[in-house]
Amino acid sequence: MGTAGYKARRFHKRYYAEDNSHNSYPRHLGSWIAREIPSNRDDYTQWLSAQRREMAEREAELDRYLAVKHAAHRPGDGEEEGEEEEGGRSAEGFMAWGQSVWVAPLNNIEIEWVYIIDLDREVFSVNNGAHFKLDRIPHIDWVGSLVNGKMGDMISLLFEGEDMVGLVVEEAELNSWGSSKSFDGQGFNREVVKPKDISSIPWRRRHGPILRQFVFRAWAKSLTPSLAATLLQWTPADLPFREIAFAALCLAAGGKHMSVLPDTHLWNSEVYGNISDPEAAPPKNHEFVGFLGGGAHLQGKPTGTAPQDTFYWFDGVFVVLVAQLLRPNAMDEGISFVQKYYHDSHTNDSIDAVLISIEHVVLIHISASRKTQHTPILPLFTIPTHLSMSVKDRYAHWYLSSLSRTIQQYQQEAAEPERPIYAVGSFVDFETRDLSLGDPVLYRARTRSLAVDGDPASTFYALVHLFESAARRHLRPTRPRAREGRLPNEMYAQILTHVTDSDTRNACLDVSRTFRELCQEQYLLHEKLLFTPSEACKVMKHKSTRLPDFVEIVPTGVKLWMEDLAPEWFNMVELDRGSAARVSFVSVGKREKRKRWRRWDTAVALWAVFVGSERDRRSLLPYVKFGFLGIEGLGEGNCYY
């Protein structure tokens, strides 16, 4: 049979995957993998040591490959003819298709089954959701216990014994900046405030933040399934945590921290790439770019785009990386740490800060009078449940017990009582008829109990406000528009339309508040693309809503209903052609998403997105490309940008 799957091993938090093209069902590939695990304790210990030694060699091989020689280097390039790639096989040989080695391989419509042997924590996982103690696999009927849960995730009904309890969430020190419990916060007054949203941004300056929010939403949608499987396994000091958090902040801050290029200027593998001008003969000005969170870097340069620390200053905002803001007291500890930092370093000043755990953020402002204003916990990424949690931490006990009884009844009535029942979760829906016992999804219930309101779009706009407030605080105050400079401001606005160099335009943002406003009204996305104020943005309002009940994890990603109040069109000027048009934004995700473009035009121009500002350290947002469709040409297949 042609059922594809992955066998993966996790070592030092990185996943090394091997694909299997057929017979990947638990009774076949899964059982074959399980038979490799010795049942005798002494043999198991020797086997585990041998596995770790083998993976240490692979890790060294991968690290050599990720240290790239020069910006124009590509896999297979040698210094001389016949020289093999240093490090042997490429990193792609270790990876599940389209994923970083830091992310757990995912099951989807093409890869139905994923089996992971976690050599760090001695855990065996099926489809990232059913977890077993590795040394118990030879002694239990793990195949017969598999079933789909209410959220579409794989779970095991062996939840009563010691085979599954407390396996996955690591107990390491979560926050490397340590505890601030010794700081009592004396002299600081705390106040919870409501975050600002898109309606607080003047309509003539909304199109820039909205376009960046579109990019963020497309990226977040492609990333969410990976976060659901892997996020709780990272600490803030880990590379992917730092990189993803920094990328989200770059998109919110905008300016020099986010850039786009035609995808024809980019060559990339699944790990790294380089940028060059294809119109040059031969192509020149190569710049190295890493695959966000992949770990590739130029030799002699740090790994990744983000700062190496877990707290730092970024564009005038103090950033603190926090593990799991929903943990008890996590928000209070983070706010106390910011207050202590202020007390030690910024007395008689005011600062803006953000606590970010990737999934959630808390925005903070401390004034010179030591008044601390902060938002409640706000959602940045929508993760309906965390697959890396034990099943007893994901679902209520009454739900699991009821589900188990129903499955047993089903097996007794079925013609084949020994047939595995992992696929019957789609019709076991009796629990939804009576919610008197509470929400069966514990993570969703816990989120509500902590009053986590809002949605990622509103949170993104709140971050935009935070960075804008920090930037404006350090700029020259706005004077009456007629007296801002020696020329009328209307003339400065006309002059800025001819400033198409990104570096110069970003420098203009820091001249004064008025210059900043003029640049934001004429938003330069790229040296060829200028966006002017759109009437469609004028009436836009974004209503903050709770996470709806019917979010579910499905094999192709996350299915989520969300009220979309975005504008239908933007005013775009193509600077190289001198033409203007009303356009709509359309994003392209992973491989399966490209099919819809073929309905319109095979020659559509796509743009790639990069974060960071330091040359040869910028990162490519993976599987996020976008284009613009002319409104008048929609459906005709002839109006693309």
Inset, instruction - Show the numbers, then the answer: is there a side chain to side chain contact (heavy atoms under 4.5 Å, CB included) between Arg121 and Arg10? - result: CA-CA 9 Å; Arg121 296 166 297 177; Arg10 182 179 186 263; 3.2 Å; yes
Inset, instruction - Start with the C-alpha gap between Lys340 and Glu333, add the side-chain angles, then the distance that decides, and say whether salt bridge (charged side-chain N to carboxylate O under 4.0 Å, His left out) holds. - result: CA-CA 10 Å; Lys340 184 177 185 302; Glu333 290 177 3; over 6 Å; no
Inset, instruction - For Ser369 and Ser367, run side-chain hydrogen bond (donor to acceptor under 3.5 Å, both in side chains): C-alpha distance rounded to whole Å, both residues' side-chain angles, the deciding distance at 0.1 Å, then the answer. - result: CA-CA 5 Å; Ser369 62; Ser367 65; 2.9 Å; yes
Inset, instruction - Begin from the C-alpha positions of Tyr461 and Lys196 and carry the test side chain to side chain contact (heavy atoms under 4.5 Å, CB included) through to its verdict. - result: CA-CA 7 Å; Tyr461 293 131; Lys196 294 183 177 180; over 6 Å; no
Inset, instruction - Please step through side-chain hydrogen bond (donor to acceptor under 3.5 Å, both in side chains) for the pair Gln339 and Arg190, ending with a clear verdict. - result: CA-CA 10 Å; Gln339 290 175 332; Arg190 283 178 54 174; 5.7 Å; no
Inset, instruction - Apply side chain to side chain contact (heavy atoms under 4.5 Å, CB included) to Tyr523 and Arg205, showing your working. - result: CA-CA 8 Å; Tyr523 183 68; Arg205 303 201 295 272; over 6 Å; no
Inset, instruction - Might you work through the side chain to side chain contact (heavy atoms under 4.5 Å, CB included) test for Val338 and Ile351, ending with a clear yes or no? - result: CA-CA 9 Å; Val338 175; Ile351 66 170; 4.2 Å; yes
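Separation of atoms CE (Met389) and CG (Asp153) is listed at 12.0 Å; rounding is to 0.5 Å. One finds the CG atom of Leu261 at 13.0 Å from the CG atom of Leu606 (value rounded to the nearest 0.5 Å). To the nearest 0.5 angstrom, Thr230 atom OG1 is 11.5 Å from Asp238 atom CG. Of the inter-residue distances, the one linking Asp352 atom CG with His465 atom NE2 reads 12.5 Å to the nearest 0.5 angstrom. Separating the CG atom in Leu249 from the CD1 atom in Ile356 is a distance of 4.5 Å, to the nearest 0.5 Å. Remark: Leu239 CG to Leu292 CG distance equals 8.5 Å, nearest 0.5 Å.
When side chains are defined from C-beta on, Met572 counts as touching Leu529, because their heavy atoms get closer than 4.5 Å. When side chains are defined from C-beta on, Leu106 does not count as touching Val114, because their heavy atoms never get closer than 4.5 Å. No side-chain heavy atom of Glu359 sits under 4.5 Å from any side-chain heavy atom of Leu325.
Of all non-hydrogen atoms in Arg206 and Lys538, the two that sit nearest each other are NH1-O, 3.3 Å. The minimum heavy-atom distance linking Pro440 with Lys150 is given by the pair CG-CD, 3.5 Å. Annotation for Val322 and Phe241: closest pair O-CZ, 3.4 Å, computed over non-hydrogen atoms.
Ionic pairing of Asp455 and Arg217 is not present here: no N-O contact between side-chain nitrogen and carboxylate oxygen is shorter than 4.0 angstrom. Salt-bridge formation is detected for the pair Glu468/Arg516: a Lys NZ or Arg NE/NH1/NH2 atom is positioned less than 4.0 Å from an Asp or Glu carboxylate oxygen.
Residues that satisfy the ring-ring contact (aromatic ring centres under 6.0 Å, His included) test with Phe460, not counting sequence neighbours, are Phe216. Annotation: ring-ring contact (aromatic ring centres under 6.0 Å, His included) contacts of Phe246 (sequence neighbours excluded): Phe314.
Annotation: Phe626 is not in aromatic contact with Trp219 [ring centroid separation under 6.0 Å not met]. For Phe628 and Phe531, the ring centers sit closer than 6.0 Å to each other. Residues Tyr342 and Phe318 place their aromatic rings such that the two centres sit no closer than 6.0 Å.
Ring geometry for Tyr623 versus Phe291: interplanar angle over 60°, hence perpendicular rather than tilted (30 to 60°).
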